[in-house]
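Below, read A as the first sequence line, B as the second, and so on, with proteins coming before strands; counting in each chain starts at 1.
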Amino acid sequence: MNFQILDADYFRENERPVVRLFGRSDNGESVCCLVPGFEPYFYLSASGDLKKLGQEIKERFDVVKDIEVVERFEPIGYQETKQPMLKVTTFDPRNVPEIRDEVAGMIGVREIYETDILFRNRFLIDKGFKGMGWVSAEDDADVAKGDLLCDHAVRSSELTEVDRIANSPLKYMAFDIECLPHDGGMPTPDVSPIIMVSFAFEPAYNGHSTIVLVKKEVEGVDDDVEMFTKESDLLNRFFEIITEYDPDVITGYNINDFDVPYIVDRVNVLNESGAGIKPIVGRDSRNLSYRKIISRTMVSIPGRVVVDALPLIRQQFSLKRYTLRNVSKELLDREKLDVAPADMQEHWNDNGEKIRKFVDYARRDSELALELLLELKLLDKYIALSRVSGVLLQDTVSGGQTNMVEHILMTEFGKQGRVMSTKPDDETSAYRRKQNESLKGGAVLEPEKGLHENVIVLDYKSLYPTIMMAHNLCYTTVVKPGSYPEDDIIRSPSKGEFVKPDIFKGVVPSVLEYLLDQRVKTKQLMKKADDEGEYRVLDATQLALKILLNSFYGYSGYARARLYSLQMANSVTSIGRDNIARTEDIVCNRIGTVVLRDNAAYLTDEAGDIGEGDKVVKLSVAYGDTDSVFVHCKKDCDEEFAEDEFSLEDSALVGRKVASIVTASLPDPMELEFEAAAKRVLLVAKKRYAQWLFEPTNDGWKDKIKVKGLETVRRDWCELTSKMLIRVLELVLKEGDIDGSVHHVRELVDRVRNLDVQKDADIVEDLVLTKSFSKSPSSYKNKQPHLTVVENIERRTGVRPSIGERIPFVITAGKGLFVDRAEDPEYVREHNITLDVDYYIQKQMLPPVERILGVFGVDVATLNHDSKQKGLFDFDTSSEEKVETVKRVCRTGEQPSQQQDQKTQSSLFDF
DNA sequence: TCTCAAACCTAG
DNA sequence: TAAGCTAGGTTTGAGA
């Protein structure tokens with residue numbers, strides 16, 4: 001029988017561990033496979049007589065089953081030979097943490113290794129099985145299920161890996177609870193009952209795609225509504241449905257921080273007074289439970305995967321707010337039904353439309369959570385990450401990159417006879433954090449500020465991974481500077497030294513090579529894939545490979561990593577900085593100009609004499625950040641090309657030529673790539689620019705405006721700013737229409753200045769700013785507008801928004817600091833409070849737009865011109881002139897006069 | 001008026 | 001069993 005590994009753990013049978021693999025088989029049954037015989041162990045290195053030390057340990061700890069002297073490499077640093085170590089095998093997995101400290105303290109013991117590897121991971125790593133990987137249980141003998149809640153239970157010691165791309169048909173279930181708050185505030189489990197629970201299923205459960213449990217008799221509701229008089233009966237049914245449906249994935253919105261803890265606490269409260277609820281949810285019949293780990297709640301259910309959609313969406317989408325309402329609207333274009341907390345009691349007490357609306361509202365929330373998970377394919381990426389890294393799905397979903405990188409490295413270390421470090425203690429990681437102050441990052445080239453035409457975007461494909469591969473940068477190759485002959489080492493600009501690959505090929509470079517290779521292969525398969533499901537899996541796989549490739553650098557400088565090497569991290573970035581500087585030099589100086597002739601690009605010495613039809617292109621680097629360069633293509637005389645003199649195809653020719661020349665000068669597999677051609681680029685500052693970009697696709701060029709770092713993409717600016725600025729950027733980049741921009745801004749400024757709350761309702765909505773409430777109020781050293789609002793809300797409702805939430809606010813009219821005048825938009829609406837239009841004009845609208853239009857000599861006075869004050873100069877000019885202005889600014893790169901004098905201004909447009 | 005640190009959010 | 005990394009711009013309020 002073949003099945004896909006969803007989850008793994010172990011239990012004790014006759015005081016011996018038996019691993020349990022939970023999964024779903026190819027015929028759709030849920031499976032639990034028991035695997036006996038795997039033993040826990042760890043390593044230690046010591047000075048002196050290892051055999052004797054082994055004896056001592058064996059005698060001192062009766063939980064030690066076996067001791068063996070083995071040869072292993074240490075985790076960090078190049079070593080010519082392995083050294084003897086002790087491998088300590090215990091009877092029970094929990095013995096390892098029980099005895100490790102005492103063992104570590106014994107005389108002669110230098111270091112202990114792998115004492116903090118979870119047994120289930122130890123099993124997966126040693127056996128080569130992967131999270132969401134397929135295995136075959138050969139001699140599968142059916143066993144009694146006992147407490148196991150799955151279709152099929154088998155026992156097998158002969159498991160083999162199965163190569164299969166497709167995923168098994170998983171069963172998804174979303175749920176959501178409704179509680180009746182005591183006083184309209186936040187419900188608390190000790191007093192507020194759970195009055196409804198809703199479910200959504202995929203596939204359907206007994207023909208139902210949704211179910212709502214209601215603690216009340218309601219008439220005229222759909223047939224998916226079940227009614228109860230006792231809360232405990234409702235809750236028992238809740239658990240019964242879960243175990244009967246037997247979902248693989250349990251989801252919901254904010255369930256980790258709210259629903260699950262609430263249910264657990266509520267069940268405890270009810271059971272204390274003898275309700276006798278059995279909250280069984282696990283495939284091993286375990287009860288629902290949660291653990292608080294430093295203000296974060298962790299939920300895990302044996303045999304299943306718990307996926308809270310909220311954190312996943314937070315991670316994946318940049319939104320101003322993450323309420324279910326907003327997220328559904330933005331990402332699904334679906335409306336949440338709503339019953340305000342304050343109206344819940346009233347709806348609940350009703351026996352007609354209102355209670356039915358309340359039921360519908362509850363049902364919709366589960367539906368939306370499930371839709372978010374499925375329609376946005378939130379899980380695809382994590383399933384792929386599991387299959388590539390080997391980590392169990394629950395751990396890829398709720399853990400970080402560390403998990404996966406360490407799992408991969410430990411697997412490789414194991415194969416090469418190298419032991420893995422334990423996690424660093426707090427002291428060590430604090431020390432490393434201090435050291436990291438010397439960790440330098442990527443280089444950002446000073447932008448040639450202003451508007452440029454015909455810019456080619458080149459970037460390095462996976463820069464940091466390829467640097468590590470090309471230079472054999474690894475924990476296993478790093479050596480103490482000066483300790484090896486020059487000929488044997490690679491030295492980075494940061495003075496890190498690593499042995500050359502012919503002496504020892506690093507584990508990290510090998511892993512990266514494999515991942516990169518897999519990614520290329522996966523992309524090839526994608527081109528051939530005809531089945532949509534298969535394409536989806538492959539696409540997720542290549543994305544997962546990309547994520548993993550890019551995780552290794554960050555991990556190497558992570559203070560809490562098992563493997564940490566500042567020397568390695570600094571070498572990666574120093575080579576990167578060197579590289580981009582070299583690239584700039586090659587482009588500007590060694591190449592300098594490119595000749596376009598007969599649809600091909602030539603270097604000047606390749607081209608020979610310049611003929612009639614030749615186009616000479618002068619190159620310069622206008623900007624670059626870490627792994628990219630923007631190459632400005634100009635005429636030989638340093639002027640911009642005329643409109644039809646330089647085509648997108650010309651850009652591509654030049655771009656590909658430059659990329660190939662630079663790539664040829666680089667060690668394999670580093671590669672500079674032509675990414676796109678920009679017709680116009682506006683460089684405002686480092687990390688702030690806008691491009692009118694043309695990307696090559698299978699059917700021609702696809703154009704778009706790409707904005708980086710400017711206010712349009714920043715969530716702490718109001719929508720009005722974004723909308724205004726995006727329009728201005730479009731006008732400038734596409735039409736070259738400065739006047740139009742000025743007009744547009746003036747018009748908006750006017751509307752805001754004379755804001756009519758009734759007439760300009762659309763604008764009022766766009767005046768809301770949001771900021772992230774990121775830490776406890778007491779740890780803020782300065783006042784913050786959103787903090788003012790948090791305090792206001794807490795004072796009024798008794799409920800404080802939780803840390804991590806984005807808080808919306810507007811600035812209201814009045815005296816004093818802005819911070820003190822920040823207010824909850826809802827409260828402002830309800831109480832008809834006046835907004836500070838001047839703040840919006842002076843602080844939200846004018847500064848961002850001035851930074852852009854300032855390039856063309858437009859200043860605040862021009863933009864803030866009051867339409868009611870007649871008599872100031874008229875701003876109309878013909879369209880050719882507008883374009884001319886842009887052209888002129890591009891061509892000469894001049895900084896037009898900043899004077900606000902009317903004549904100066906018009907003369908600029910008189911050009 | 002200028003300088004500084006805190007806070008936020010983004011680029012890569 | 002909490003957590004990949006650094007570089008950088010901008011706003012704000014406080015204080016010299």
Residues in salt bridge (charged side-chain N to carboxylate O under 4.0 Å, His left out) with A/Arg800, at least two apart?
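Scan of A/Arg800 (salt bridge (charged side-chain N to carboxylate O under 4.0 Å, His left out), adjacent residues dropped) gives A/Glu794.
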Residues forming a salt bridge (charged side-chain N to carboxylate O under 4.0 Å, His left out) with A/Glu448, sequence neighbours excluded
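Expected list: none.
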When the distance from [atom1] of [X] to [atom2] of [N] is rounded to whole Å, what number comes out?
X: A/Arg433; N: C/dA2; atom1: CZ; atom2: P; value: 13 Å
X: A/Met468; N: C/dC5; atom1: CE; atom2: C1'; value: 11 Å
X: A/Arg314; N: C/dA2; atom1: CZ; atom2: P; value: 19 Å
X: A/Leu769; N: C/dT10; atom1: CG; atom2: C1'; value: 14 Å
X: A/Asn121; N: C/dT1; atom1: CG; atom2: C1'; value: 11 Å
X: A/Asp425; N: C/dT1; atom1: CG; atom2: P; value: 12 Å
X: A/Ile803; N: B/dC8; atom1: CD1; atom2: C1'; value: 16 Å
X: A/Ile852; N: C/dG9; atom1: CD1; atom2: C1'; value: 14 Å

Do any side-chain nitrogens or oxygens of [X] fall under 4.0 Å of OP1 or OP2 in [N]?
X: A/Arg851; N: C/dT11; value: yes
X: A/His786; N: B/dA7; value: no
X: A/Lys292; N: C/dA2; value: no

Under the side-chain hydrogen bond (donor to acceptor under 3.5 Å, both in side chains) test, which residues partner [X], sequence neighbours left out?
X: A/Asp92; value: A/Arg12
X: A/Thr583; value: A/Tyr460
X: A/Arg560; value: A/Asp426
X: A/Thr323; value: none

What are the two closest heavy atoms between A/Arg562 and A/Ser421, and how far apart are they?
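Looking at all heavy atoms of both residues, the closest pair is NH1-O, 3.0 Å.
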Using a cut-off of 4.0 Å on non-hydrogen atoms, how would the nucleic acid contact of [X] be classed: base, sugar-phosphate, or nothing?
X: A/Gly441; result: sugar-phosphate
X: A/Ile293; result: base
X: A/Asp116; result: sugar-phosphate
X: A/Pro848; result: nothing
X: A/Arg120; result: base

Can you tell me if A/Arg680 uses its side chain to pair, donor with acceptor, with the backbone of A/Leu733 under 3.5 Å?
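Yes; at least one donor-acceptor contact below 3.5 Å.
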How would you list, by chain and number, every residue that makes a ring-ring contact (aromatic ring centres under 6.0 Å, His included) with A/Trp692, sequence neighbours excluded?
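By the ring-ring contact (aromatic ring centres under 6.0 Å, His included) rule, A/Trp692 matches A/Phe694.
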Mind checking ring-ring contact (aromatic ring centres under 6.0 Å, His included) for A/Phe630 and listing every partner two or more places apart, or none if nothing turns up?
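For A/Phe630 the ring-ring contact (aromatic ring centres under 6.0 Å, His included) partners, ignoring immediate neighbours, are A/Tyr623, A/Tyr689.
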Between A/Phe818 and A/Tyr839, is the gap from one ring center to the other below 6.0 Å?
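Close enough - the centres of the two rings lie under 6.0 Å apart.
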Residue A/Pro847, side-chain heavy atoms: nucleotide from C/dT11, B/dC8, C/dC5 that is nearest
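Among the listed nucleotides, the one closest to the side chain of A/Pro847 is C/dT11.
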Between C/dT11, C/dT1, B/dA7, spot the one nearest the side chain of A/Gln784, thanks.
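My answer, after comparing the listed nucleotides, is B/dA7.
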Detail all sub-3.5 Å separations between protein N/O atoms and N/O atoms belonging to nucleotides 10-12 of chain B.
from: B/dT10; atom 1: OP1; to: A/Val713; atom 2: O; distance (Å): 3.1
from: B/dT10; atom 1: OP1; to: A/Arg715; atom 2: N; distance (Å): 3.1
from: B/dT10; atom 1: OP1; to: A/Arg715; atom 2: NE; distance (Å): 3.2
from: B/dT10; atom 1: OP2; to: A/Arg715; atom 2: NE; distance (Å): 3.4
from: B/dT10; atom 1: OP2; to: A/Arg715; atom 2: NH2; distance (Å): 2.8
from: B/dA11; atom 1: OP1; to: A/Gly709; atom 2: N; distance (Å): 2.9
from: B/dA11; atom 1: N3; to: A/Lys687; atom 2: NZ; distance (Å): 3.0
from: B/dG12; atom 1: OP1; to: A/Tyr689; atom 2: OH; distance (Å): 2.6
from: B/dG12; atom 1: O3'; to: A/Asp625; atom 2: O; distance (Å): 3.4
from: B/dG12; atom 1: O3'; to: A/Asp627; atom 2: OD1; distance (Å): 2.4
from: B/dG12; atom 1: O3'; to: A/Asp627; atom 2: OD2; distance (Å): 3.4

Please list, in numerical order, the residues of residues 568-576 of chain A that have a heavy atom closer than 4.0 Å to any atom of DNA chain C.
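Going residue by residue through residues 568-576 of chain A, none turns out to have a heavy atom under 4.0 Å of DNA chain C.
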List in numerical order all residues of residues 391-411 of chain A for which some heavy atom is under 4.0 Å away from an atom belonging to DNA chain C.
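Close to the strand are A/Gly399, A/Gly400, A/Gln401, A/Thr402.
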Going from OG1 on A/Thr428 to CD on A/Gln435, what distance comes out if it is rounded to the nearest 0.5 angstrom?
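The OG1 atom of A/Thr428 sits 10.5 Å away from the CD atom of A/Gln435.
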What protein N or O atoms touch nucleotides 12-16 of chain C N or O atoms at under 3.5 angstrom, if any, and at what distances?
from: C/dT12; atom 1: OP1; to: A/Tyr839; atom 2: OH; distance (Å): 3.3
from: C/dG13; atom 1: OP1; to: A/Phe818; atom 2: N; distance (Å): 3.4
from: C/dG13; atom 1: OP1; to: A/Val819; atom 2: N; distance (Å): 3.2

Atom CZ of A/Phe317: over 12 foreign heavy atoms under 6.0 Å
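Enclosed.
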Check this for me, if you would: do A/Asp395 and A/Arg120 make a salt bridge, where the nitrogen-to-carboxylate-oxygen distance has to be below 4.0 angstrom?
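Judged by the 4.0 Å cut-off on N to carboxylate O distance, A/Asp395 and A/Arg120 do form a salt bridge.
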Measure up the A/His786 and A/Phe809 rings against each other and bin them: parallel (under 30°), tilted (30 to 60°), perpendicular (over 60°).
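The arrangement is parallel - the two ring planes meet at less than 30°.
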